[in-house]
Amino acid sequence: MTGNEIRKSFVDFFKSKEHKHFESASLIPDDKSLLLTVAGMVPFKPFFLGEKEAPFKRITTYQKCIRTNDLENVGRTPRHHTFFEMLGNFSFGDYFKKEAIEWSWEYITKVLKLEEDRLWVSVYKTDDEAYEIWNKEIGVPAERIVRLGEEDNWWAAGPVGSCGPCSEIYYDTQNMGKNNEEADRKPGDDGDRFLEIWNLVFTEWNRLEDGSLVPLPEKNIDTGAGLERIASVVQNKDNNFDTDLFTNITKGIKSVLEIQGNENEEAIKIIADHVRASVFLIGDGVLPSNEGRGYILRKIIRRAFGAGSAAKQKVFEKEDIFLYKLVPYVLETMNEAYPELAEKQEYIEKVIRLEEERFATTLKNGTEMLEEEIQKLKGENQKELPAELTFKLYDTFGFPFELTKLILENQGFEASEEEFEKKLAEQVQRSKDSRTTISDMIKDEFIDEFFEKHGKTEFTGYLQNYEEKSKLLHIAKSEGISGYEMIFDKTPFYAESGGQVADTGIITSGEFEGKVVNVVKKHDVFIHQVEIIRGIAPAVGVEVKMQIDVNRRKDIQRNHTATHILHKVLRENLGTHVEQSGSLVDDEKLRFDFSHYEAISPEMIEKIEKGVNDIILSNLQVKINYENIEDAKARGAMALFSDKYGDIVRVVEIDGYSIELCGGTHVKSTGEIGLFNIESENGIASGTRRITATTGHKSLNYVNRLEEKIKEISDIFRTDEKNVVDIIEKYIGDMRAAVKVHEEMQTKLVKYEINEMLENVETVNGVKVLKRSFVDKNVDELKEIVDRGKEKMQSGIVILGTNNNGKAVFVVGVTKDLISKVKAGEIVKVAAQVAGGNGGGRPDFAQAGGKNGSAVKEAVEKAFEFVTEKL
């Protein structure tokens, strides 16, 4: 079976067991505690924790994952990867150990047709239930079942919280490769004879602060099976990189780099793994940067590029970049499961190519540093480069050790691989020590009990329903805010979600009046945060009248629908790589964050703004329907992973223009939005841009304020609004002419000043030194004096300083014949330090500043003393 066939067969098998198939989530998780999706269960974490009710009790998926904990092992071992796919089947309070074990065995032996006598099983040391199922019901012999401890067969989200035993399935690789010498081994022992291909997690306990275990309200199943490992045993390969998931990519690497035969296998594996990871990360909106997930992407691109350099035994320069040429090979291999990558191919290639070009420059700088260190070794009569430097070249400049070693050997020097590996191991350990585990928290017991008793809150706020009569079901004093938390049987108040803020408004009952300041939703229960305006808080069971702030809701709706239009216009004008990475919709503005790798030109901003307004002026109908998710997707509906859990989804369609899955509130037609105005566009992180815009009344207010400003300016220039631009341009022209005359006069004045200053030049050991301090002297004038002074003296030193509005500025010049004795950068540094600053520069010219302008005169004298000592 091919990798594609295995992936499909897994999903089809569990669909036959009444599992709902979910597509892979993004590598950028909704979970803010994680940088990347590191496991197949991450997208389902809200279900496991009870934060959201799972729409289906049984779910199956194949999930793209990224882990970099063992980055240094990629390429060195047959199994380690940064990017990998995890096949999974999940149960949320439905089936448990018996079914999970039976189906895993059925799939492995009946569908994959793996030999039963090669399969071993491990269970947790005290899990007799799992042992009995494997032994008595499945028929696995006792000698092939191993009991292991917490380190191997116990899963826990953290010190407290959800946890449970695991059961793992291993494949015996003996006689497949080099494992014949491990005849007496079993799973859990050292060695690589037994390959774990399947992990069943039985989440059934809640660990309390005192370490005791209590049963969870619902028992869950979390299964993980690595596609790459399964492919290796199905295809009878002792190395994941020899499966068809990689062979086309490695073939492309050899072709692009012109590598013959089986040379440089380690480098090829590194490149193959890392280019896969890079393609998927960029496809999901990550861009290279110096922090967070962008740093991870940058690191693996650079490591792959360095591996190419090492393979070809040369330091690659810009003309040698090659990784972007491998993107088509990755897409060809992965297109069946991830067809969305094809439309982003050009974008992905561009991002990788730009990062390669940057890194080629970095490698050049690293090479220069290495050459400097080699010269030091020659001067000190040493043969070996210290491990601190080989590791710095690796960690800072991305130099593979092999490349450093090659350059050293070519010049008769060496480096200790053992010492380098020691430094590397220390870094890996530091990474492990700081590793963040998947956080967990206990289910909110009150919400669980409330939901069990009352069910979800009925939201009646769609379709412009702004009032409701509701019954109070729960009231409690709020924690952290003044007022109360109230839950009703139904509500017209929208709860904060999907980037849209909550509604505000009024609740009344008899003499009571309360102000709703926020609404949050948990487990489909709407919790209203209410501040009392008058009267006494009502009791449970009382009927209340609920009224939302209608004008505020309408302003929010305008901004939310405008966000949908903006998203589509951005994709039309910038490319389909544009994806939403965050949004905020309130009554004042809309804020839209999206993936894009460069600033947007003013001309393009104007085009985008016009495009949105064109759709608004077309007054297109906004249709909202509920339909099957597959039908919606077939019609091109866009959504984030968190929006597509149910079979039936809420579809917001701007007639004939855009279609998205969305739970927010919207206008009935685009004409209601009014004027759309972009206030700002800027970068908020590497590869992420933000547009802030207004609609409706706020845009009208902006235009009114603009008109007022234009009138004020017109009054100042004593003209009308129509002529104000011409008048201002005339004033600017006159001002520039006056400035030019002033500069010419200053130049003439400088000439006179220089002649006067040169009459007071001091001589130190035969060298002319001109020093002078000023107040409010223009920096350009100081530079002019330095240039003229050096020219007039032909041989000499000029030291100048000025106090400009309390800040110190220093400029120093040294003629070429004297820089062997004293350098301008050294002189200016002395002066700057006296004034509370620092600086440096070229040997013949330098400039610096300081915080204390009043110390300029003293600083110039100190600099003169320094020059005297040097001469």
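All of these numbers come straight from a predicted model, not from anything done at the bench.
Around CD of Glu346, the count of heavy atoms belonging to other residues, nucleotides or ligands within 6.0 Å does not exceed 12.
Counting only distance, with no hydrogens or angles, the side chain of Asp273 and the backbone of Thr82 share a donor-acceptor pair below 3.5 Å. Side-chain N or O atoms of Lys45 include none that pairs as donor or acceptor with a backbone N or O of Val42 at under 3.5 Å. Under a 3.5 Å cut-off, the side chain of Arg67 and the backbone N or O of Val38 do form a donor-acceptor pair. Looking only at distances, no side-chain donor or acceptor of Thr333 sits under 3.5 Å from a matching main-chain atom of Leu245. Although no hydrogens or angles enter the test, the distance criterion places no donor-acceptor pair under 3.5 Å between the side chain of Asn220 and the main chain of Thr203. Listed for the Thr561 side chain is a donor-acceptor partner under 3.5 Å among the backbone atoms of Val667. Counting only distance, with no hydrogens or angles, the side chain of Asn153 and the backbone of Cys166 share a donor-acceptor pair below 3.5 Å. No donor-acceptor distance shorter than 3.5 angstrom exists from the side chain of Asn335 to the backbone of Leu331, with no hydrogens or angles considered. With Arg689 contributing its side chain and Ile684 its backbone, the two residues share no donor-acceptor pair below 3.5 Å. Under the 3.5 Å distance criterion, the side-chain polar atoms of Thr2 are matched with a main-chain donor or acceptor of Glu5.
With respect to the salt-bridge test (charged N to carboxylate O, under 4.0 angstrom), the residues Glu18 and Lys57 do not qualify. The pair Glu356-Lys325 fails the salt-bridge criterion, with no side-chain N (NZ, NE, NH1 or NH2) lying under 4.0 Å from an Asp/Glu carboxylate O. A salt bridge is absent between Lys521 and Glu496; no separation between the charged side-chain nitrogens and carboxylate oxygens falls under 4.0 Å. Between Glu660 and Arg650 no salt bridge is recorded (no basic side-chain N to carboxylate O distance below 4.0 Å).
The closest side-chain heavy-atom distance from Lys219 to Phe202 is not below 4.5 Å. Side-chain contact between Val74 and Lys269 is absent, with no heavy atoms from C-beta onward closer than 4.5 Å. The shortest distance between side-chain heavy atoms of Val234 and Ile6 falls below 4.5 Å. Between Met41 and Asp222, the closest side-chain pair of non-hydrogen atoms falls below 4.5 Å. Contact of the Ser581 side chain with the Ile28 side chain is not registered, since no non-hydrogen atoms from C-beta on lie closer than 4.5 Å. Using a 4.5 Å heavy-atom threshold, the side chains of Pro288 and Val351 count as touching. Residues His81 and Asn240 meet the side-chain proximity criterion, which asks for heavy atoms closer than 4.5 Å. When side chains are defined from C-beta on, Leu297 does not count as touching Arg293, because their heavy atoms never get closer than 4.5 Å.
Using modelled atom types and a 3.5 Å distance limit, the side chains of Thr688 and Asp593 yield no donor-acceptor pair. Judged purely by distance below 3.5 Å, without hydrogens or angles, the side chains of Tyr657 and Thr670 never pair a donor atom with an acceptor atom. Checking Gln500 against Thr665 by side-chain atom types alone, a donor-acceptor pair falls below 3.5 Å.
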Next item on the list: Given side-chain contact (heavy atoms from CB on, under 4.5 Å), test Asn89 with Arg58 step by step and report yes or no.
Entry: CA-CA 7 Å; Asn89 60 284; Arg58 302 177 180 185; over 6 Å; no
Margin query: Would Lys344 and Glu579 count as a side-chain contact (heavy atoms from CB on, under 4.5 Å) here? Give the steps.
Written below: CA-CA 11 Å; Lys344 301 176 182 179; Glu579 291 186 357; 2.4 Å; yes
Check: Would Lys456 and Glu458 satisfy side-chain contact (heavy atoms from CB on, under 4.5 Å), going step by step from the backbone distance to the final call?
Finding: CA-CA 6 Å; Lys456 68 180 182 180; Glu458 180 186 353; over 6 Å; no
Checklist line | Met1 vs Ser9, side-chain contact (heavy atoms from CB on, under 4.5 Å): CA-CA, chis, key distance, verdict | finding: CA-CA 10 Å; Met1 297 174 72; Ser9 71; 3.5 Å; yes
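Summarising the geometry, atom CG belonging to Asp524 is positioned 10.5 Å from atom CD1 belonging to Ile447; distances are rounded to the nearest 0.5 Å. Distance check, rounded to the nearest 0.5 Å: CG of Leu87 to OG1 of Thr60 gives 8.0 Å. The CD1 atom of Ile608 sits 7.5 Å away from atom CD of Glu681, with the distance rounded to the nearest 0.5 Å. The CG atom of Asp244 lies 11.0 Å from the CG atom of Asp242; values are rounded to the nearest 0.5 Å. Interatomic distance, NZ of Lys15 versus NE2 of His21, reported as 7.0 Å (0.5 Å rounding). The OG atom of Ser167 sits 5.5 Å away from atom CG of Leu200, with the distance rounded to the nearest 0.5 Å.
The six-membered or imidazole ring of His564 lies away from that of Phe592, with a centre-to-centre distance of 6.0 Å or more. The ring of Tyr597 has its center closer than 6.0 angstrom to the ring center of Tyr347. Annotation: Phe594 is not in aromatic contact with His577 [ring centroid separation under 6.0 Å not met]. Note: Phe96 and Trp103 fail the aromatic proximity criterion, with ring centroids not under 6.0 Å apart.
Aromatic ring pairs are classed by plane angle as parallel below 30°, tilted from 30° to 60° and perpendicular above 60°; the pair His666 and His560 is tilted. Using cut-offs of 30° and 60° for the angle between ring planes, the Phe56 and Phe22 rings count as perpendicular. Note on ring orientation: taking the six-membered ring where Trp is involved, the planes of Phe10 and Trp198 are tilted (angle from 30° to 60°). Below 30°, between 30° and 60°, or above 60°: for Phe459 and Tyr462 the angle between ring planes is above 60°, a perpendicular geometry. Note on ring orientation: taking the six-membered ring where Trp is involved, the planes of Tyr62 and Tyr338 are perpendicular (angle over 60°, cut-offs 30° and 60°).
When all heavy atoms are compared, the tightest approach of Ala277 to Ile66 is CB-CD1, 3.8 Å. Of all non-hydrogen atoms in Ala632 and Val649, the two that sit nearest each other are CB-CG2, 4.3 Å. The minimum heavy-atom distance between Asp284 and Leu27, with the atom names listed, is OD2-N, 2.8 Å. Residues Val525 and Gly455 approach most closely at CG2-O, 4.2 Å, considering heavy atoms. Considering all non-hydrogen atoms of both residues, Ser91 and Asp94 come closest at OG-N, 3.2 Å. Of all heavy-atom pairs between Tyr95 and His19, the closest is OH-NE2, 2.7 Å.
The side chain to side chain donor-acceptor pair (under 3.5 Å) test applied to Ser104 returns no partner, not counting sequence neighbours.
Screening Glu106, Glu102, Glu99 for a salt bridge (Lys or Arg N to Asp or Glu O under 4.0 Å) involving Lys17 leaves a single residue, Glu106. When the options Arg276, Arg7, Lys64 are evaluated for a salt bridge (Lys or Arg N to Asp or Glu O under 4.0 Å) with Glu228, the one that passes is Arg276.
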